[in-house]
Amino acid sequence: MSGGVEWALHCCVVLTAAEGPAPAARLAELHDVSPSYLAKQLQALSRAGLVQSVQGKAGGYVLTRSPALITVLDVVEAVDGPGPAFVCTEIRQRGPMATPPEACAAPCAITRAMGRAETAWREALRSITVADLATDVTSDYGPGALGRISTWLPTAGTKTPPPGTGGAPAAEAPRRPDPQA
């Protein structure tokens with residue numbers, strides 16, 4: 001799974017709290033990630049219909065539907081594609097002890113195990129929504145965490161940590177409990 005999936009999921013969670021379109025540049029600044037690479041992830045989310053780009057001075061990205069209707073699997077597939085995580089290359093048919101192709105009509109034990117794991121993984125990701133993640137963020141970091149980010153997003157400035165983070169980079173700030181939250 002690519003790092004873009006993590007970035008896209010974090011952005012989707014942030015968008016649950018945004019009061020308007022969140023500019024891509026502010027999302028990149030918030031997470032201290034490459035704006036050009038994040039833009040690619042946001043474009044992938046947009047092509048999949050999970051976010052919409054709003055043009056104009058106050059433009060940015062918004063979720064296209066309720067976060068309860070966007071699954072983690074939706075985001076994974078938007079960014080990395082729907083293909084399987086494991087692809088068998090039939091190495092059992094190589095080398096000095098190669099198995100003849102006619103003996104490889106059925107998937108091997110490794111392919112079967114990886115297929116079962118893939119099915120379970122996809123079912124697990126399908127069962128978790130962006131709303132669930134936002135709820136977990138609130139549970140983990142306090143009820144004010146997403147609100148502080150929402151307040152910070154539309155403000156001008158560069159490299160400014162969200163209020164209440166003690167000056168730590170935005171991506172790391174929620175790790176510390178905020179007694180004011």
Side-chain angles (χ1 to χ4, degrees), residues 1-18 21-25 27-54 60-141 146 169-172 174-175:
M1 185 176 332
S2 72
V5 170
E6 177 186 9
W7 295 18
L9 284 166
H10 276 280
C11 287
C12 286
V13 170
V14 167
L15 292 177
T16 68
L27 291 168
E29 183 180 346
L30 174 68
H31 296 106
D32 193 25
V33 298
S34 163
S36 60
Y37 188 66
L38 181 62
K40 291 177 184 178
Q41 311 320 311
L42 292 168
Q43 290 166 4
L45 293 174
S46 181
R47 281 190 302 276
L50 303 177
V51 301
Q52 177 182 347
S53 175
V54 177
Y61 286 89
V62 296
L63 295 175
T64 58
R65 57 187 181 258
S66 165
L69 299 176
I70 301 172
T71 69
V72 172
L73 183 61
D74 293 332
V75 175
V76 168
E77 289 182 344
V79 174
D80 282 353
F86 175 81
V87 178
C88 177
T89 61
E90 283 294 347
I91 66 167
R92 63 187 171 160
Q93 295 181 36
R94 300 186 204 160
M97 302 295 295
T99 304
E102 59 274 5
C104 298
C108 72
I110 293 166
T111 298
R112 291 191 310 268
M114 296 304 282
R116 287 189 303 272
E118 174 105 11
T119 298
W121 176 71
R122 288 185 181 276
E123 287 173 9
L125 297 182
R126 190 177 292 113
S127 73
I128 304 165
T129 68
V130 169
D132 295 331
L133 296 177
T135 298
D136 288 348
V137 166
T138 299
S139 295
D140 291 348
Y141 310 123
L146 289 173
E172 298 296 303
R175 293 281 176 212

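Note that the structure is a prediction, hence the values are computed from the model and not measured.
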Got a sec, which residues hit side chain to side chain contact (heavy atoms under 4.5 Å, CB included) with Ala17, two or more places apart in sequence or on another chain?
Leu146, Ser150
State, with a plain yes or no, whether a side-chain heavy atom of Pro84 is found less than 4.5 Å away from one of Met114.
no
Roughly how far, to the nearest 0.5 Å, is the OG1 atom of Thr138 from the CG atom of Leu133?
11.0 Å
Inter-residue atom distance Ile91.CD1 - Ile110.CD1, 0.5 Å rounding
6.5 Å
Over all atoms of both residues, closest heavy-atom pair of Leu45 and Cys12
CD1-SG, 3.9 Å
If you look at every heavy atom in Pro21 and Gly60, which pair is closest and at what distance?
CB-N, 3.5 Å
By side-chain hydrogen bond (donor to acceptor under 3.5 Å, both in side chains), which residues pair with Asp80, not counting sequence neighbours?
Ser2
For a quick test of reading the model, state the closest non-hydrogen atom pair linking Pro82 to Glu77 and the distance between them.
CA-CG, 3.9 Å
So how far is it from Leu27 CG to Leu42 CG, rounded to the nearest 0.5 Å?
6.0 Å
Checking Arg65 now: which residues fulfil salt bridge (Lys or Arg N to Asp or Glu O under 4.0 Å) with it, not counting sequence neighbours?
Asp74
What are the two closest heavy atoms between Ala78 and Ala48, and how far apart are they?
CB-CB, 3.5 Å
The criterion is side chain to side chain contact (heavy atoms under 4.5 Å, CB included); which residues satisfy it with Cys104, sequence neighbours excluded?
Glu90, Arg92, Gln93, Thr99
Quick note, salt bridge (Lys or Arg N to Asp or Glu O under 4.0 Å) partners involving residues 103-121, not counting sequence neighbours, are Glu118-Arg122
List in chain and number order the residues that pass side chain to side chain contact (heavy atoms under 4.5 Å, CB included) with Thr64, two or more places apart in sequence or in another chain; answer none if no residue qualifies.
Gln52
Restricting to non-hydrogen atoms, name the atom on Gly4 and the atom on Val79 that form the minimum distance, rounded to 0.1 Å.
C-CG1, 3.8 Å
With sequence neighbours left out, what residues match Ser34 under side-chain hydrogen bond (donor to acceptor under 3.5 Å, both in side chains)?
Ser36
How long is the straight-line distance from CG of Leu50 back to OG1 of Thr71, given to the nearest 0.5 Å?
8.0 Å
Partners meeting ring-ring contact (aromatic ring centres under 6.0 Å, His included) with Phe86 (sequence neighbours left out)
none
Please, which pairs that meet salt bridge (Lys or Arg N to Asp or Glu O under 4.0 Å) have at least one residue in residues 94-108, sequence neighbours excluded?
none
Provide the closest heavy-atom pair for Pro107 versus Thr111 in the form atom of the first, atom of the second, distance.
CB-CG2, 3.9 Å
Compare all side-chain heavy atoms of Val5 with those of Leu9 and state whether any distance is below 4.5 angstrom.
yes
Counterpart residues, side-chain hydrogen bond (donor to acceptor under 3.5 Å, both in side chains), relative to Gln43 (two or more places apart)
none
Output all residues satisfying side-chain hydrogen bond (donor to acceptor under 3.5 Å, both in side chains) with Thr129, sequence neighbours left out; order by chain, then residue number.
Asp132
Contacts of Glu6 meeting side chain to side chain contact (heavy atoms under 4.5 Å, CB included) (sequence neighbours excluded), chain-then-number -> His10
